[in-house]
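So the structure is just underneath, and the comments pick up after that.
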Amino acid sequence: MREMILKAVANPPKILWGPFLPVLLNLGVQFPLMFMFMGVAGINPLWFMASLVAGHVFAVAIGAKEPHISTMIQAFGPASKKTVNLYKGKGNKFAP
């Protein structure tokens, strides 16, 4: 059991050498744009392969610098909430 936890922490999931969540975000943005441009303007989808590859290379570069970027993106949502001060004062106070 302990070995599985350490392996998951040490080796975050990747898709073609890129971190999982940025690669999925890239695909989730690129494919709908590609289909919209194909339907509206009749553009050849091969033009989008260059932007898809460029986005993936960018995601791989970010993943090489920070391998746990997917976890950081997932943790940003709950951590970005504003706190409410219980006492008057400057800044955010985390008083009980």
Side-chain angles (χ1 to χ4, degrees):
M1 180 73 170
R2 191 169 206 196
E3 185 176 319
M4 291 171 52
I5 294 171
L6 292 176
K7 186 183 279 188
V9 170
N11 298 323
K14 296 185 181 277
I15 299 175
L16 295 174
W17 305 285
F20 191 73
L21 195 57
V23 169
L24 287 181
L25 289 173
N26 181 32
L27 290 173
V29 169
Q30 294 281 341
F31 278 129
L33 284 175
M34 178 180 69
F35 289 125
M36 283 189 286
F37 275 97
M38 282 172 48
V40 173
I43 294 177
N44 189 349
L46 289 177
W47 290 106
F48 281 92
M49 289 300 128
S51 65
L52 188 68
V53 169
H56 188 75
V57 168
F58 182 71
V60 169
I62 290 174
K65 184 177 180 188
E66 181 56 61
H68 296 284
I69 190 73
S70 294
T71 308
M72 291 169 59
I73 292 171
Q74 289 173 345
F76 178 73
S80 66
K81 293 180 182 171
K82 296 283 185 187
T83 60
V84 178
N85 292 343
L86 295 177
Y87 308 109
K88 279 193 164 188
K90 282 189 170 180
N92 292 329
K93 307 288 190 289
F94 296 101

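These figures come from a predicted structure and were not determined experimentally.
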Rounded distance [0.5 Å steps], [atom1] in [X] versus [atom2] in [Y]:
X	Y	atom1	atom2	result
Leu25	Ser70	CG	OG	8.5 Å
Ile69	Gln74	CD1	CD	11.0 Å
Ile43	Met36	CD1	CE	11.5 Å
Ile73	His68	CD1	NE2	13.5 Å
Asn44	Met49	CG	CE	9.5 Å

Practice item. State, to 0.1 Å, how close Gly63 and Lys14 come at their nearest heavy-atom pair, and which atoms those are. Key: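 Smallest interatomic distance, heavy atoms only, reads O-NZ, 4.4 Å.
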Does [X] belong to the same Ile/Leu/Val/Met/Phe/Trp/Tyr cluster as [Y], with side-chain heavy atoms less than 4.5 Å apart forming each link?
X	Y	result
Phe58	Leu16	no
Val40	Trp47	no
Phe37	Phe31	yes

Practice item. Please lay out, stage by stage, how Leu27 and Leu52 fare under the test side-chain contact (heavy atoms from CB on, under 4.5 Å). Key: CA-CA 7 Å; Leu27 290 173; Leu52 188 68; 3.6 Å; yes
Review point. Around atom CZ of Phe48, are there more than 12 heavy atoms of other residues, nucleotides or ligands at under 6.0 Å?
Key: yes
